[in-house]
Structure formats: C-alpha cells, structure tokens
Enquirer: 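Pasting in a structure now, in structure tokens, and then I'll have a few things to ask.
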Amino acid sequence: MTTYQPLISSVLSGYIYDEKTEQLELYLRTGQSRVFKGVPKSTVVRLAKAKSAGRFYMTHIRSRYRVVKPEREETSLSIQSALPAGMRI
C-alpha cells in the first residue's frame, strides 16, 4: 500500500508504506515525519493494529530501523501525492 493510512494516536497521525522498498514514512502529530528503511510488512501490520500506535512506534520501530531522508531525485513517498483527492491533514 502506498496510500496514506491515518492512525488514531496522540503521537502519530498516519503513515505511508511501500512494500516493494520496505520504506515506512511516519507522520507525527508534531508535523514532523520520519522515513525508515527495511521495515517488513508484518511490522507495519502490527503498527496498524496496535492498541497504542505511539507506544508501538517507540518500542518496535524508532530504535530498530534506520532513519533515512528520501533523495530528491528518487521517487519518494509523499503525503500530498498519497492522499485521496480533496483530503487534507
């Protein structure tokens, strides 16, 4: 899935996941985002189903996966292009 997936969380607003590259882009309520490489789909499924997405992020993603910055030349995931038409965050 490469569309924006909202989360009910006081820490995270949502995410975009690219299964082919295993790249997870997380959007924080602070307005910041973090891009992680090498995140397996099973971890993203567990994040989406977690009772507390913020706690799951802090214990299972933040310190376990490498944070990267998308290259400008690369096709990077972007929240604007992934949102359904007319939807704003």
Side-chain angles (χ1 to χ4, degrees):
M1 73 188 96
T2 56
T3 58
Y4 180 80
Q5 303 295 315
L7 291 168
I8 299 171
S9 168
S10 61
V11 176
L12 303 170
S13 61
Y15 68 91
I16 298 172
Y17 181 66
D18 186 328
E19 195 173 335
K20 290 179 187 176
T21 63
E22 292 190 324
Q23 181 170 298
L24 173 64
E25 190 165 357
L26 285 172
Y27 297 92
L28 286 68
R29 294 269 175 212
T30 62
Q32 298 176 324
S33 65
R34 301 279 188 277
V35 180
F36 296 89
K37 280 274 196 188
V39 181
K41 182 179 178 180
S42 60
T43 299
V44 178
V45 169
R46 290 173 52 215
L47 169 69
K49 292 181 178 182
K51 195 175 208 176
S52 171
R55 182 171 287 138
F56 186 89
Y57 158 67
M58 289 185 203
T59 59
H60 298 285
I61 296 173
R62 185 173 65 175
S63 61
R64 292 186 182 187
Y65 298 98
R66 185 171 57 106
V67 176
V68 296
K69 293 180 184 176
E71 299 285 333
R72 289 198 183 269
E73 295 77 38
E74 249 178 57
T75 304
S76 64
L77 300 177
S78 109
I79 193 168
Q80 291 81 18
S81 65
L83 288 172
M87 183 177 172
R88 295 195 178 272
I89 295 183

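Here the structure is a predicted model, which is why all the values come from computation and not from measurement. Scope of the values below: all heavy atoms of this structure, side chains included, with no hydrogens, waters or symmetry mates.
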Enquirer: Going by heavy atoms in the side chains, are L28 and L12 under 4.5 Å from each other?
Expert: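 The answer is yes; the side chains approach within 4.5 Å.
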
Enquirer: For A53 and S9, work out which heavy atoms get closest and say how close.
Expert: CB-CB, 4.1 Å

Enquirer: Is it true that, when you exclude R55 itself, more than 12 heavy atoms of the residues, nucleotides or ligands shown sit nearer than 6.0 Å to its CZ?
Expert: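 At most 12 heavy atoms, drawn from other residues, nucleotides or ligands, come within 6.0 Å of this atom.
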
Enquirer: Which value, rounded to the nearest 0.5 Å, describes the distance between T21 atom OG1 and K37 atom NZ?
Expert: 5.0 Å

Enquirer: Please, which pairs that meet side-chain hydrogen bond (donor to acceptor under 3.5 Å, both in side chains) have at least one residue in residues 57-67, sequence neighbours excluded?
Expert: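 For residues 57-67: T43-Y65.
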
Enquirer: Is the shortest side-chain heavy-atom distance between V11 and M58 below 4.5 Å?
Expert: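 With C-beta onward as the side chain, the pair touches.
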
Enquirer: At their closest point, which heavy atom of A50 faces which heavy atom of F56, and how far apart are they?
Expert: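 Result for this residue pair: CB-CB, 3.9 Å.
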
Enquirer: Say you draw a straight line from CZ of R34 to CG of L26; how long is it, rounded to the nearest 0.5 Å?
Expert: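 So the CZ of R34 and the CG of L26 are separated by 9.5 Å.
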
Enquirer: Might you point out which heavy atoms bring R29 and L7 nearest each other, and give the distance in Å?
Expert: NH2-O, 3.2 Å

Enquirer: Do the non-hydrogen side-chain atoms of L47 and V39 ever get within less than 4.5 Å of each other?
Expert: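 No - every pair of side-chain heavy atoms lies 4.5 Å or more apart.
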
Enquirer: If you compare all heavy atoms of E22 against all heavy atoms of P40, which two are closest, and at what distance to 0.1 Å?
Expert: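 What the structure gives for the nearest pair is OE2-CA, 3.7 Å.
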
